[in-house]
Amino acid sequence: MSNEKVVTRFPPSPTGYLHIGGARTALFNWLFSKKRGGKFILRIEDTDEQRSSDEATRAILESMEWLGLSWDEGPYFQSRRYDIYNEVIDRLISNGEAYHCHCSQEDLEKQRQSAKEKGLKPKYDGTCRDLGLGPAPGSVVRLKTPLSGITQFTDLVKGTIRFDNKELDDLIVRRSNGSPTYHLAVVADDISLGMTYVIRGDDHVNNTPRQMFIYKALGEPVPKYAHLPMILGPNKTRLSKRHGAMSVLAYRDMGYLPHALLNALARLGWSYGDQEKFSMEEMVEKFSLESVGKAAGVFSAEKLLDLNAWYIRESSDEFLSERLTPFLERKGFKNLDQEKVKRVSSILKVRSKTLVEMAEGAHFCLAEEITYEKKGDDKFLKPSVVGLFEDLNNRLAAIPEFNQEAIEKLFVDFLEEKEIKLRKLAQPLRVALTGKTASPGIFEVMEVLGREKVVERIRKAVVHIKNKMQDE
RNA sequence: GUCCCCAUCGUCUAGUCAGGUCCAGGACACUGGCCUUUCACGCCGGCAACACCGGUUCGAAUCCGGUUGGGGACGCCA
């Protein structure tokens, strides 16, 4: 392992929430810096004053924190670093690497139009390039890019990529309102923050040569690049809000564990043999840019769900009850007994794919009253079980210890005496105790519910059945 | 349109750099069965792919060329 300094960054622009694609870029940068003992920097690219919002910034920070992708430096805000960019632009101008351009936006638009009509790539024709113009109202500053030659770089995931410089035009580095453009700000920041690796989405491949021009004009070393393949929506086109580009926070609210999301994201594009599940430590230890694939991929919500279910199953009761609490509170449960939440978590975790599902499943245990599911009520709460329920209730009230083991023993004797199968009794009882036809094991349910509630609910079920009989 | 990139089961992928051990492995989904007090979990089994064409080679998923298909970029957005 080299002792090369590693500095990576994640630079979202706060024009919307953080979605899957951004989160994966952040994750890969984070993993790479951790793996190499480097630094991970968060930078907010808010140079577009129109579209940036504080709300989006907050959502991004909240998402990063929830995911646990901690940053070593930042967040830096580009909007507060204009001095740096202006200094760089002025240097470019005085070095003759950039020039003032007076072309109007209308002219440029016309140029683009006619280029397209001729089947050419729309690009600036360089009208002002050698005019030696000075600044003027409404003018911009453009970089003087090479007119010929080849620009190439070795992408750490895609290999060598080369561009003919003729394909590129003189990009704007300072807008007519005086603000720096994306390319300029990115390069200036990456230089000033000492970035050594730029790991970003595939959609930036074409931006790379442009940014390399700026580095060269400034006489600065170019960082190493790694372009991650795009994440596609289910329709195989770019992820959009219509097609699965949900906010990271939406996943949180749907009851996903951050670790599950991170694991799913890691496996989208990166692999380590056949391994599917990784602890965060393993992810860091095993991550490498060489094993990142080149092809774009579709994010699978089903796989995420499976992973989430697995991580829930594997989590401790302690951890789960903590995570579950906000979801229970959202359902209106207040002053929760944490011990009880822990116990219900333990019997629910094997059958919950999300925390939302789990909170739903915990209802029977935490709510004062339950309502019977129509289907279960009709099918199982019948007059034929009244006698059994009453008899059973007397015995449940009488056993010394009210735990699973004791209850099960009581049942064995009871069933033998009545000469019935457990299934004859379990389903009606399940409906009586939980209101539902599906629940954790009936003995587990009883223990978690506690003797008092069990006896009460069986009694209420008996009353309920008798009422139904009268109504008929 | 021009440029850049990509191409293994429905999806994520292993295998491709160092061609034979791959009539292609794993996972998710789907599906048959077992277990069983329900629902799950778990276990056993099934379905299912090297885009196409040509070349190199004794031999190609793997190397080369082309075709097709897909994605991305072409902004005073990032």
Side-chain angles (χ1 to χ4, degrees), chain A residues 11-15 45-48 50-52 78 101 103 105 108-109 112 115-123 138-142 155 158-159 161-164 166-169 171-183 185-186 200-209 227 229-230 232 234 236-238 264 267-277 290-291 293-307 309-310 313 348-353 361 376 380 411 415 421-427 429-431 434 436-443 445:
Chain A
S13 88
T15 52
E45 308 213 324
D46 54 353
T47 51
D48 184 342
Q50 304 298 315
R51 300 194 302 158
S52 297
Q78 289 193 324
C101 168
C103 293
Q105 296 195 42
L108 297 175
E109 191 45 48
R112 273 195 284 269
K116 278 193 175 174
E117 279 161 22
K118 287 183 204 147
L120 299 170
K121 177 179 271 191
K123 38 179 256 193
S139 70
V140 300
V141 176
R142 286 182 187 271
D155 190 280
K158 291 178 184 294
I161 299 178
R162 39 193 296 147
F163 294 86
D164 192 325
K166 287 192 198 74
E167 294 296 326
L168 303 156
D169 61 1
L171 67 149
I172 293 173
V173 291
R174 177 184 280 155
R175 300 189 185 99
S176 54
N177 69 3
S179 65
T181 56
Y182 161 73
H183 291 293
V186 163
R200 76 228 297 199
D202 221 349
D203 49 340
H204 286 291
V205 169
N206 294 275
N207 288 333
T208 306
H227 288 96
M230 294 277 91
L232 309 176
K236 288 264 191 181
T237 65
R238 198 196 176 117
R267 281 290 286 102
L268 214 196
W270 173 74
S271 62
Y272 187 81
D274 281 342
Q275 190 171 341
E276 298 284 348
K277 306 194 174 83
E290 294 87 73
S291 40
K294 298 178 183 183
V298 177
F299 177 71
S300 167
E302 281 151 354
K303 207 148 181 170
L304 168 63
L305 191 61
D306 176 70
L307 238 20
W310 191 81
R313 243 177 279 146
L348 247 22
K349 66 184 176 188
V350 71
R351 62 204 95 222
S352 304
K353 290 185 189 296
F380 298 112
F411 266 68
L415 294 172
K421 292 274 189 204
L422 176 56
R423 59 186 326 129
K424 290 282 274 184
L425 188 54
Q427 280 306 84
L429 210 43
R430 195 180 310 282
V431 176
T434 70
K436 295 174 181 160
T437 52
S439 82
I442 199 68
F443 305 132
V445 165

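So that the names make sense, note that chain A is the first sequence line, chain B the second, and so on, each numbered from 1. As a basis for the values below, the full set of heavy atoms in this structure was taken, side chains included, without hydrogen atoms, waters or symmetry mates.
Base contact: A:Gly441 has a heavy atom under 4.0 Å from a base atom. Among the heavy atoms of the strands lying under 4.0 Å from A:Gly138 is at least one base atom, whether or not backbone atoms are also near. Residue contacts for A:Val140: at a heavy-atom cut-off of 4.0 Å it reaches a base atom on one of the strands shown. When heavy atoms are screened at a 4.0 angstrom cut-off, A:Arg174 is found touching no nucleic acid atom at all. Among the atoms of the strands shown, only primed sugar atoms or phosphate atoms (P, OP1, OP2) are found under 4.0 Å from some heavy atom of A:Ile161. Within 4.0 Å (heavy atoms only), A:Asp169 reaches no atom of the nucleic acid at all. Among the protein residues, A:Phe411 comes within range of no part of the nucleic acid, since none of its heavy atoms lies under 4.0 Å from any strand.
On a pure distance criterion of 3.5 Å, no polar donor-acceptor pair joins the side chain of A:Lys158 and the base of B:rC5. Remark: the A:Ser176 side chain and the B:rC76 base include a donor-acceptor N/O pair separated by less than 3.5 Å. Looking at A:Asp202, its side chain has no donor and acceptor atom pair within 3.5 Å of the base of B:rG72. On a pure distance criterion of 3.5 Å, a polar donor-acceptor pair joins the side chain of A:Arg351 and the base of B:rC39. In this model, a side-chain donor or acceptor of A:Arg430 finds a partner on the base of B:rU37 within 3.5 Å.
In this structure, the NZ atom of A:Lys123 is 11 Å from the C1' atom of B:rC74, given to the nearest Å. Distance, A:Asp203 CG to B:rC6 P: 15 Å, rounded to whole Å. A straight line from CG of A:Leu268 to C1' of B:rA27 spans 13 Å, rounded to a whole angstrom. Atom CZ of A:Arg267 is separated from atom P of B:rC28 by 11 Å (rounded to the nearest Å). Per the geometry, CZ belonging to A:Arg200 stands 11 Å off C1' belonging to B:rA78, to the nearest Å.
As the counterpart of B:rU56, no nucleotide is assigned, since no Watson-Crick or G-U wobble pattern has both distances under 3.5 Å.
The gap from the C1' atom of B:rC47 to that of B:rC39 amounts to 26 Å, rounded to the nearest Å.
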